[in-house]
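Report on one structure; see the data block that follows.
Residue numbers start at 1 and run along the sequence shown.
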Amino acid sequence: MEIEKIRELVSKMTLEEKAGLCSGKDFWHTKAVERLGIPSVMVSDGPHGLRKQDDKADHLGVNESIKAVCMPAACATAASFDRELVKTVGEAIGKSCQHEKLCVVLGPAVNIKRSPLCGRNFEYFSEDPYLAGEIAAAYINGVQSQNVGTSIKHFAANSQEHRRLSSSSNVDERTLREIYFPAFETAVKKARPWTVMCSYNRVNGTYASENRWLLTEVLRDCWGFDGYVMSDWGAVSDRVEGIKAGLDLEMPSSGGINDRRIVEAVRSGRLDEKLVDLAAERILNISFRYLENAKPETPWDKEADHLLSASVAEECMVLLKNNGLLPLSKGDDIAFIGEFAEKPRFQGGGSSHINCFKTTSALEAAKGLKITYARGYSVSEDKADESMIAEAVNAAKKAKVAVVFAGLPDSYESEGYDRRNMKMPECQNRLIEAVAAANPNTVVVLHNGSPIEMPWLDKVPAVLEAYLGGQAVGIATVRILFGDANPSGHLAETFPKRLEDNPSYLFYGGEGNEADYREGIFVGYRYYDKKDAEVLFPFGHGLSYTEFEVSDLRLSSGEISDTDTLCVTAKVKNVGKRAGKAVLQLYVGDRKSSMIRPVRELKGFEKVYLEPSQEKTVEFTLDKRAFAFWSVEIGDWLVETGDFTVEVGLSSRDIRASGEVRVNSTAKIKRHYTADSTIGDILSDPNVAGRLKAAMAKLRRGEKPKASDEASEAITDEMDSAMENYMPLRGMMQFSGGAVTDGDIDEIVKILNK
Ligand code: BGC
């Protein structure tokens, strides 16, 4: 519906009707206004499939929902590094929304993985904002291509579950802009999500649901968001402040209480009715966008989606280690060990929990092959069961290869609370050690949504990270284990050796309601690389059954201005014997900066399919943002003139080719100087350096104070220049013995600020 018509409709609504529209009818629906022909529409979780509830509603995945298809979780799909693939997932989910008459699916969730402990990491994409943004945009484009909306969530800085409804994420602005915002920003700019869901937490003291800077100034004014903002379920504290801040829809229903508060606030003059009109207009705009394109006759072929889920999972699994044992041979006797082989863990707990119409385990998928099975452990127990271990060891001894299916039980990671450590259950660690001792040909397949410690890593020759791979995970696992598919997933997060190594370790969770993000921009590999610290598996890591060579890195220019784009090309060749997919990752690093910056940051990636001996040229385009940092001083992205490294590799620690480009800044920063400004800062500002030099020369008349011989030996040139650089302007007067006056300094300040 055209915006004029929507405005006309809003103008016919009473204040009560408008206030009512700004809060849900129930758990999942917006309110209807029948007399004006405004129907109610339904939203539903998501985001890895549908959690549409018919009867009893809840936001924690407790009650039943309709039978649906569970795709691989976000922790897995990000590891695909494949925009097209994720778009396909979105399209399938969009179609199921059309079939189920849903206006909006509640996702994707793009919060940054600040710590391995966050209970919802499995639902989030990455520790890296560029990757998270690209994958989110692809998902949104996929869903919305079917004329149903998405709700990118949880905006913002919601990287812990601990006290999620009350804690304040205290984050400096540069860190917000560089780390916690860009996934939202990229998605808004590249995919125009119909809605955004604000988070439960406060951001720097103000609830996200009442944060005007967040919901209006950044989201709308800076990035151009044009949909509506809804609250996370129960995230509203002061509804009237929420309307003022730009929170359009409260979910779920407040039972009329907040509708009345809005009405009273307008009547008492506390709230401008125009803001209520605006919220109503935005909500209707989206509802009608769906209603006018509703196609409930859209078929939903769940069997086809089940197979899609399997083929997507195949692209996401990360081969962490392989000494040549994988792929397995189909004729060999193989022991599948561990309860997850029979009952895989393929999704996480909470609001994203899907009621699958079917699942396929690895054991089922391997039917027809020479497999024996031993349960090995009970998922509901932490402690090892010696008789189960003995049975597993026996099976392992008789087999050529033992495959242990291990990982985290549901209770270990879920929405609503954080993990306490990075450990797997004791019974599983013990099992792996025992099986590996019995049969050196032991493979470990992992089902988990977040990094774990691997005390047994040196004792097993191969590890496959299957993440939470969706309901058909067994099909994908077997295809990869036996070489029908070649693994091509890469880690979207660093696996630290120990939890203690993680940059947020000292502060994660916070004190009471104050969660200080003290590590700032140094999240994930940005920290480990700066510290040159050892990790278990680096960001971007992922092996293949073939080998790739990267060569011939070329930059379109050796010197650009920050308004230009730089074209980067590199060749990648499959030098192994199997067809496979390489993930080329492009990182940029500022060689020298006045700011403290990461060594490298991901600014491009491409996934490339290659037959044996095939070579392709991959192209990346870098613009200003690839080189810039957020300058709090100017309130914008800023590039400092200087040299930047451009690296292309197969992981953040496997750089295969690198080049250098000089980027010239076009920023004209008008700085204000005072008598307290340091001489060094003024001299480094090309706009005024000349003026200061001239003024200083005039005052000193070229003379340097004479020092005694002894003293001049102790004063090196370096010290001399440092002393001068760090000296405030007023120092010229203080150290001149009366030759330079206050008036002289005032005069210089005037000249500088002219
Ligand atoms: C979660 C959201 C979810 C909503 C509705 C909340 O508890 O944080 O991600 O969409 O519930 O179930």
Classify the side-chain pair [X]/[Y] by whether it contains a donor and acceptor separated by less than 3.5 Å.
{"X": "Asn448", "Y": "Glu465", "result": "yes"}
{"X": "Thr359", "Y": "His306", "result": "no"}
{"X": "Ser561", "Y": "Thr563", "result": "yes"}
{"X": "His154", "Y": "Asn111", "result": "yes"}
{"X": "Ser199", "Y": "Asn158", "result": "no"}
{"X": "Ser361", "Y": "Glu364", "result": "yes"}
{"X": "Tyr609", "Y": "Glu611", "result": "yes"}

Geometric class of the Phe155/Phe181 ring pair [parallel <30°, tilted 30-60°, perpendicular >60°]: tilted

Geometric class of the Phe482/Phe336 ring pair [parallel <30°, tilted 30-60°, perpendicular >60°]: tilted

Is there a donor-acceptor pair under 3.5 Å between the side chain of [X] and the backbone N or O of [Y]?
{"X": "Asn121", "Y": "Ser115", "result": "yes"}
{"X": "Glu185", "Y": "Pro182", "result": "no"}
{"X": "Glu606", "Y": "Leu584", "result": "no"}
{"X": "Ser652", "Y": "Gly540", "result": "no"}

May I ask you to say whether [X] pairs ionically with [Y], meaning some side-chain N is under 4.0 Å from a carboxylate O?
{"X": "Lys607", "Y": "Glu84", "value": "no"}
{"X": "Arg656", "Y": "Glu647", "value": "no"}
{"X": "Lys573", "Y": "Glu549", "value": "no"}
{"X": "Lys571", "Y": "Asp552", "value": "yes"}
{"X": "Glu134", "Y": "Lys190", "value": "yes"}
{"X": "Asp128", "Y": "Arg526", "value": "yes"}
{"X": "Lys330", "Y": "Asp484", "value": "yes"}

Intermediate values then yes/no, side chain to side chain contact (heavy atoms under 4.5 Å, CB included), Val443 and Leu481: CA-CA 9 Å; Val443 181; Leu481 286 176; 4.2 Å; yes

Are [X] and [Y] close enough that some pair of their side-chain heavy atoms sits under 4.5 Å apart?
{"X": "Val646", "Y": "Leu555", "answer": "yes"}
{"X": "Phe81", "Y": "Ile135", "answer": "no"}
{"X": "Thr195", "Y": "Thr150", "answer": "no"}
{"X": "Val639", "Y": "Phe644", "answer": "yes"}

Would one find more than 12 heavy atoms of other residues, nucleotides or ligands at under 6.0 Å from atom [atom1] of [X]?
{"X": "Arg591", "atom1": "CZ", "value": "no"}
{"X": "Lys531", "atom1": "NZ", "value": "no"}
{"X": "Arg83", "atom1": "CZ", "value": "yes"}

Close aromatic pair by centroid cut-off 6.0 Å: Phe539 and Tyr525: yes

Output field: ring centroids Trp223/Phe184 closer than 6.0 Å: no

CG on Leu308 to NZ on Lys302, rounded to 0.5 Å: 15.0 Å

Single hit among Val403, Leu369, Ile480 for side-chain contact (heavy atoms from CB on, under 4.5 Å) with Leu328: Val403

